[in-house]
A.B. asks: 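I'd like to ask you about the structure that follows.
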There are 2 protein chains.
Amino acid sequence: MRASDRAYATLHADIINWRLVPGTTLGEVELSERLGVSRTPIREALARLTAEGLAEPQSGRGTVVSGISLDHLDELFELRSALECRAAELAALRGDRDTFLELYRKLANAGGLITEDDPSRSGYYRLAGELDSAVEAAVGNHYLNQALKNLRVHLVRVRRLGKDNPARLRDAAREHAAIALAIANGNPTVASAATTVHLDNSLRHLLSTAPDISSEPHS
Amino acid sequence: MRASDRAYATLHADIINWRLVPGTTLGEVELSERLGVSRTPIREALARLTAEGLAEPQSGRGTVVSGISLDHLDELFELRSALECRAAELAALRGDRDTFLELYRKLANAGGLITEDDPSRSGYYRLAGELDSAVEAAVGNHYLNQALKNLRVHLVRVRRLGKDNPARLRDAAREHAAIALAIANGNPTVASAATTVHLDNSLRHLLSTAPDISSEPHS
DNA sequence: ACAAGCAATTGTGTATACATAAATTGATTT
DNA sequence: AAATCAATTTATGTATACACAATTGCTTGT
């Protein structure tokens, strides 16, 4: 594996997991010493992070971890809604009925997955990821999928802002199940509407439970 | 201006204007000699182009100019539709009536701009760009605008594939005028529908007039 | 003649040295 | 004492040298 890939993966994970908080300066010299590689691969990693939106150039000099303030959450979710609603529509038109019917069954029974035994809720998030992957595969659109992928980087980061209490997760699972069912039924209108409802609920839950952080806006 | 910026700008323009055709290998050594800078800024420029989707890593070794085949035009326009329809909706909800009414008037009279005196159609394209900018400003969503900006890079490239005959451009101007009017009227449904119609017409025109190139697909 | 292996060349990955620009600190002057 | 200018320091931008991997071509053996 290339050194630049390792540096990128390390920094990416550090930012996603909020070990590097917004506003942290990413100095090339400091990072090259901390990660044990020269500045060249560090520069490449920082360029990738900047292109991804996880970091941004500081006025004239240096790079800093980009911030996601609650003020911009609604903007993020507007883009998410545009992409995911259309993706759900297309999946309803093109997807395989049985695939999404199976996902519907699993999601409808996902309440059992959300227990105190699994504080990271990995079971639920894995299932939600399966639905996302199935939609992507059914859509079969490179450009749309790429845009969704770029977006999800920020969504993972945002997820840490809210407290995912079991009640909300069970509701979310039901909403996901509704989306899967609409796609299985080949109904794009309902699939899009169910996605709209789900995203609105998710956003309002986030805004109501997230801590009142005030990191600088996303440039 | 930094050498990496100049290298990026040069390569970007060369790819957009099809001076570098899809599949062209972008060797670091060759480019550093041709552009008169060392490999380091070349690497940074290539990284930016790759992130943008104008270039892509060749299996294991090197970077090549990415291709846009007609097979993928529909995918590109699906993403475009998702983003621009939503943008039109939001602009209708938030935009300033007078701004878009003024744009409507100019677009409705754009037929006179499309003359044989202006073979590059710069007058029309400038006006279309004004509408795009007004929509962006009205939407006021950093993430959505960024996604649109990323997309337009590819659209500019694709435009060169089709022959923009005056009849189609006059139709396009009328379609744009319809979008502007719907936004001015604050009607998101009509704004979205008019955008859908316009994009469908544009895509079908492109597919019917574009030369039968067969560059390799976008990986 | 064809195939396989080895060598040579070419190109990318990484490290490091040097140049340059910006920020900070200290000193001097008002 | 405060403000401004200069100098020093620090960090980024660029160039280049070195290491390594891959591909290509040549040679040799079957």
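In what follows, chains carry the letters A, B, and so on, assigned in the order in which the sequence lines appear, proteins first and then strands, with residues in each chain numbered from 1. In this text the structure is predicted, and so the values were computed from the model without any measurement.
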A.B. asks: Let me know the distance between CZ of B:R2 and P of D:dT12, rounded to the nearest Å.
C.D. replies: 12 Å
A.B. asks: Quick one: label A:S32 by what it contacts on the DNA or RNA (base, sugar-phosphate, nothing), any heavy atom closer than 4.0 Å.
C.D. replies: nothing
A.B. asks: Could you walk me through whether A:L155 and A:R80 pass side chain to side chain contact (heavy atoms under 4.5 Å, CB included), step by step?
C.D. replies: CA-CA 9 Å; A:L155 290 175; A:R80 186 183 180 185; 3.4 Å; yes
A.B. asks: How long is the straight-line distance from CD1 of B:I15 back to CG of B:L49, given to the nearest 0.5 Å?
C.D. replies: 5.0 Å
A.B. asks: What distance do B:L103 atom CG and B:S133 atom OG have between them, rounded to the nearest 0.5 Å?
C.D. replies: 9.5 Å
A.B. asks: Check the pair A:L90 / B:E78 against side chain to side chain contact (heavy atoms under 4.5 Å, CB included), numbers first and verdict last.
C.D. replies: CA-CA 9 Å; A:L90 295 173; B:E78 265 178 11; 3.4 Å; yes
A.B. asks: If an axis is fit to five pairs at each end of the helix from C:dA1-D:dT30 to C:dT30-D:dA1, what is the angle between the two, to the nearest 10°?
C.D. replies: 0°
A.B. asks: Side chains of A:R168 and A:T209: do they bring a donor and an acceptor to under 3.5 Å?
C.D. replies: no
A.B. asks: Between atom OH in B:Y8 and atom P in D:dT14, what is the gap in whole Å?
C.D. replies: 16 Å
A.B. asks: Under 3.5 Å, is there a donor on one side chain and an acceptor on the other for A:E175 and A:N201?
C.D. replies: yes
A.B. asks: Under 4.0 Å from any atom of DNA chain D, heavy atoms only: list the residues of residues 34-49 of chain B that qualify, in numerical order.
C.D. replies: B:V37, B:S38, B:R39, B:T40, B:P41
A.B. asks: Any salt bridge (Lys or Arg N to Asp or Glu O under 4.0 Å) pairs touching residues 134-147 of chain B, not counting sequence neighbours?
C.D. replies: B:E136-B:R152
A.B. asks: Taking it one step at a time, do B:H198 and B:H176 satisfy ring pair (Phe, Tyr, Trp, His ring centres under 6.0 Å)?
C.D. replies: CA-CA 7 Å; B:H198 168 59; B:H176 277 139; 4.3 Å; yes
A.B. asks: What class does the angle between the rings of B:Y143 and A:H154 fall in, given that below 30° is parallel, 30 to 60° is tilted and above 60° is perpendicular?
C.D. replies: perpendicular
A.B. asks: Is there side-chain contact between B:L26 and B:V64, with at least one heavy-atom pair below 4.5 Å?
C.D. replies: no
A.B. asks: Give the rounded distance in Å between these two atoms: CG of A:L26 and C1' of D:dA11.
C.D. replies: 14 Å
A.B. asks: With rounding to the nearest 0.5 Å, note down the distance linking CD1 in A:I68 to CG in A:L161.
C.D. replies: 7.0 Å
A.B. asks: Provide a list of protein-nucleic acid N or O atom pairs under 3.5 angstrom, restricted to nucleotides 22-24 of chain D.
C.D. replies:
{"residue": "D:dA22", "atom": "O4'", "partner": "B:R61", "partner atom": "NH1", "Å": "3.2"}

A.B. asks: What's the CZ-C1' distance between B:R6 and D:dT14, to the nearest Å?
C.D. replies: 11 Å
A.B. asks: Cation-pi check, B:R121 to B:Y125: give yes when NZ or CZ is under 6.0 Å from the six-membered ring centre and within 45° of the ring axis, no otherwise.
C.D. replies: no
A.B. asks: With a 4.0 angstrom cut-off to heavy atoms of chain A, pull out the first and last contacting nucleotide of DNA chain C, in 5'-to-3' order.
C.D. replies: C:dG13 to C:dA22
A.B. asks: Who passes side-chain hydrogen bond (donor to acceptor under 3.5 Å, both in side chains) against B:R2, sequence neighbours left out?
C.D. replies: B:D5
